[in-house]
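All remarks here apply to the structure that follows.
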Amino acid sequence: KPMEFFNYKGVKFAKHMIFSEENLHFVENEFQVLDDDIYNVTYPKSGTTWMIEILSLICSNGDVAKAKIKTVPNYTRCPWYESTIGMKQIETLTPPRILTSHLPCHIFAKSFFTSNAKIIYTIRNPKDIIVSWYHYGKISLLLQCPEDFEEHLDCFLKGDFLYGSWFDHVWGWIQMKSSKNFFFITYEELQQDLRGSVMRICDFLGKKLDEAAIDSVLENTSFNIMKDNKMANYSYAGKSAVDLSKGSFMRKGISGDWKNQFTVAQSERFDRIYREKMKNFPVKFNWDEDGTEE
Ligand code: A3P
């Protein structure tokens, strides 16, 4: 599956039907953000689909049927607004909208920055992102990634990935850290304390859910339930994006799987570059120590 790419403001995008320079230009300069919009923003493979489920359920008060109400073929409840398909889907949404994006901060809709809309930004241990992406590359019909892991790792470290460099992505977005419209959380926090994380997200969104509703959010966003949820496991909405005969989208759902994939040398090389690029990063992550242990 040969793939061509184009560059938009220093960021790599795939040249296929879902991305276009015109749409990115529209998104950045003309797209109208609404004050009650909620944006689920991530670098790919950081827990985007998990957060879609969490936000859909919170916003429907834990009501599973309501959270799925917009489930029709090729329809995602929380469209990627930078894609041309997503843009069409958005036209059919009634506010309040939950939208998804992998865009780096410098290409995000300008109108966001003068609005009261909210962003939830999920960050994941980049070593796990690399592994998750590597496996996703095998089932994806839209994106290509090298079969050789070493080469895949090189591309990541050089920032030669769709949506650009992970390092630039997190550095860009973390500048919003003290904005009242911005909330960031890690994939690892979701795993360690889903209840606490969901409560904090509810607080940020100004949603008051009762115990039963919270319990429903927790239950329905667990890996095992989501694995069988056709909206989440891509067997429904994402059929045109993945070939599920080659592997599952809901793959392992754990932290630290990189240890099963990276060699010691690869891990050391990663850590050296990570330390250099993340020097003075305003937030410390639990993997920062972990990454140097071997
Ligand atoms: P793995 O490939 O490591 O299993 P994204 O949605 O950003 O593409 O991220 C996909 C990753 O999130 C996959 O990681 C997937 O298994 C994981 N994931 C999705 N839902 C999850 C959940 N409820 N709990 C834990 N991990 C989840």
Side-chain angles (χ1 to χ4, degrees), residues 14 18 39-58 64 67-68 76-80 82-83 86 98-104 119-143 145 149 152-153 156 161-164 166 169-170 173 184-198 201 215-238 241-244 246-262 287:
I18 71 162
Y39 290 83
N40 168 28
V41 181
T42 57
Y43 188 79
K45 310 318 289 175
S46 303
T48 326
T49 317
W50 197 359
M51 192 53 80
I52 287 179
E53 211 57 38
I54 294 173
L55 294 175
S56 302
L57 279 155
I58 289 177
V64 179
K68 289 186 185 162
T76 163
R77 293 155 293 172
C78 313
W80 269 255
E82 64 265 26
S83 75
I98 311 173
L99 305 181
T100 301
S101 178
H102 292 315
L103 286 179
I119 286 184
I120 289 155
Y121 184 60
T122 311
I123 306 186
R124 186 181 190 186
N125 183 342
K127 282 178 168 168
D128 284 333
I129 291 178
I130 296 170
V131 174
S132 181
W133 195 314
Y134 181 60
H135 292 285
Y136 182 68
K138 296 179 186 163
I139 66 166
S140 171
L141 301 171
L142 302 178
L143 76 90
C145 94
F149 184 74
H152 175 65
L153 175 61
F156 182 92
F161 257 42
L162 287 185
Y163 289 100
W166 178 86
H169 210 277
V170 295
W173 280 113
F184 82 89
I185 191 157
T186 63
Y187 174 95
E188 291 70 18
E189 283 172 287
L190 293 174
Q191 273 200 331
Q192 279 151 19
D193 180 12
L194 188 57
R195 177 176 289 270
S197 302
V198 166
I201 296 169
D215 286 344
S216 166
V217 176
L218 300 182
E219 185 188 337
N220 291 294
T221 57
S222 69
F223 185 81
N224 283 334
I225 298 281
M226 277 182 62
K227 202 157 55 67
D228 296 327
N229 171 347
K230 289 189 172 166
M231 276 305 279
N233 66 19
Y234 272 57
S235 58
Y236 198 172
V242 290
D243 177 353
L244 292 171
K246 299 201 170 124
S248 22
F249 177 84
M250 295 288 296
R251 198 183 58 93
K252 284 195 177 174
I254 57 167
S255 299
D257 193 37
W258 65 267
K259 291 175 188 163
N260 300 315
Q261 179 73 50
F262 280 63
W287 61 80

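When a ligand or atom number is given, it counts from 1 through the structure's own listing order.
- Qualifying side chain to side chain donor-acceptor pair (under 3.5 Å) partners for Ser83, counting only residues two or more places apart in sequence or in other chains: none.
- Aromatic ring orientation, Phe249 versus Tyr136: perpendicular (interplanar angle above 60°, classes split at 30° and 60°).
- Pocket lining of ligand 1, defined as residues with a non-hydrogen atom under 4.0 Å away: Lys45, Ser46, Gly47, Thr48, Thr49, Trp50, Arg124, Ser132, Tyr187, Thr221, Ser222, Phe223, Met226, Phe249, Met250, Arg251, Lys252, Gly253.
- A cation-pi arrangement is not found for Lys259 relative to Phe262, the charged atom failing to lie both closer than 6.0 Å to the ring centre and inside a 45° cone about the ring normal.
- Scanning for ring-ring contact (aromatic ring centres under 6.0 Å, His included) contacts around His135 gives an empty result, with sequence neighbours left out.
- With sequence neighbours excluded, the residues that form a side chain to side chain contact (heavy atoms under 4.5 Å, CB included) with Ser197 are Ile185, Glu189, Leu190.
- Judged purely by distance below 3.5 Å, without hydrogens or angles, the side chains of Asn220 and Ser216 pair a donor atom with an acceptor atom.
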